[in-house]
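Heads up: the structure comes next, in structure tokens.
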Amino acid sequence: MGTRFVVTDECDASIEFKQSYLSATKENIDIINSPVGMPGRAIIGKFLDRVAHGECKPKQCPFNCIKTCNVVDSPYCIMLALYNAYKGRMEHGYAFCGANAWRCNEIVSVKELMEQLRLEYDICL
Ligand code: SF4
């Protein structure tokens, strides 16, 4: 459910972050193993492609934010990658998403989204 609220006017993520949802396809959404030991579903883009080819390495650990992060062996700092994506620097990060993020095709207001959800709910009854 949270996925649909990403592509709303009110979501404070960057327009580039929201655009990654609008451009996502079923084929470029996949489960990845995060550097902190937890799997997550993400939109695969240039950054994760570079990681897959071993091109990213954390230069430093800026915040020491989580015990399970193996800073030495991590391919990248996930905290920075997610913050970069949030700020629109998609070349240096990526977005997590729900399995159906590829279905998002427009940015709407929360009010419009709630109306859509109400309609979809009524159809299901
Ligand atoms: S995610 Fe980044 S900031 Fe957090 S412990 Fe790992 S390297 Fe450090």
Side-chain angles (χ1 to χ4, degrees):
M1 179 59 78
T3 291
R4 293 193 65 180
F5 286 88
V6 171
V7 282
T8 61
D9 297 323
E10 288 84 349
C11 171
D12 64 354
S14 62
I15 188 67
E16 292 85 355
F17 189 99
K18 295 175 191 179
Q19 189 60 49
S20 74
Y21 272 54
L22 300 181
S23 307
T25 63
K26 209 172 187 177
E27 291 70 34
N28 75 343
I29 293 175
D30 206 358
I31 304 280
I32 62 165
N33 288 315
S34 83
V36 293
M38 290 174 280
R41 184 175 286 105
I43 299 170
I44 310 299
K46 287 179 184 171
F47 178 83
L48 288 174
D49 283 342
R50 291 205 316 274
V51 170
H53 289 92
E55 292 178 29
C56 294
K57 280 281 177 192
K59 291 185 174 66
Q60 58 181 9
C61 169
F63 298 110
N64 197 25
C65 68
I66 186 166
K67 277 184 188 173
T68 53
C69 182
N70 181 344
V71 178
V72 175
D73 296 327
S74 287
Y76 59 92
C77 167
I78 190 170
M79 198 284 296
L80 280 181
L82 297 181
Y83 184 68
N84 281 332
Y86 166 74
K87 297 299 278 183
R89 299 184 285 266
M90 302 308 291
E91 294 279 326
H92 302 286
Y94 62 91
F96 282 122
C97 67
N100 286 320
W102 60 276
R103 291 177 187 265
C104 296
N105 56 18
E106 62 179 341
I107 297 173
V108 296
S109 68
V110 168
K111 184 172 188 283
E112 289 169 309
L113 175 57
M114 292 306 293
E115 284 164 7
Q116 285 175 16
L117 292 172
R118 189 174 298 123
L119 277 173
E120 290 168 16
Y121 179 77
D122 288 344
I123 289 169
C124 291
L125 290 179

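Everything numeric here is computed off the predicted structure, so don't read it as measured data. We count ligands from 1, going down the list as the structure has it; atoms in each ligand are counted the same way.
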### Task
Find out whether Phe96 and Ile43 are in side-chain contact, i.e. whether some heavy atom of one side chain is under 4.5 Å from a heavy atom of the other.
no
### Task
Kindly indicate, with the supporting measurements, whether the criterion side chain to side chain contact (heavy atoms under 4.5 Å, CB included) is fulfilled by Met1 and Leu117.
CA-CA 10 Å; Met1 179 59 78; Leu117 292 172; 4.0 Å; yes
#### Entry: 4.5 Å side-chain heavy-atom contact, Ile78 and Cys69
no
### Min side-chain heavy-atom separation Pro35-Pro75 under 4.5 Å
yes
### Message
For a distance under 2.8 Å, give residue and atom name for each protein N, O or S atom next to atom 8 (Fe) of ligand 1.
### Response
Cys61 SG
### Query
Does some side-chain heavy atom of Gln19 sit less than 4.5 Å from a side-chain heavy atom of Met90?
no
#### Entry: Parallel, tilted or perpendicular, as decided by the 30° and 60° cut-offs, for the rings of Phe47 and Tyr76
perpendicular
### Task
Find all atoms of ligand 1 within a distance of less than 4.0 Å from any non-hydrogen atom belonging to Ile78, and give their numbers and elements.
1 (S)
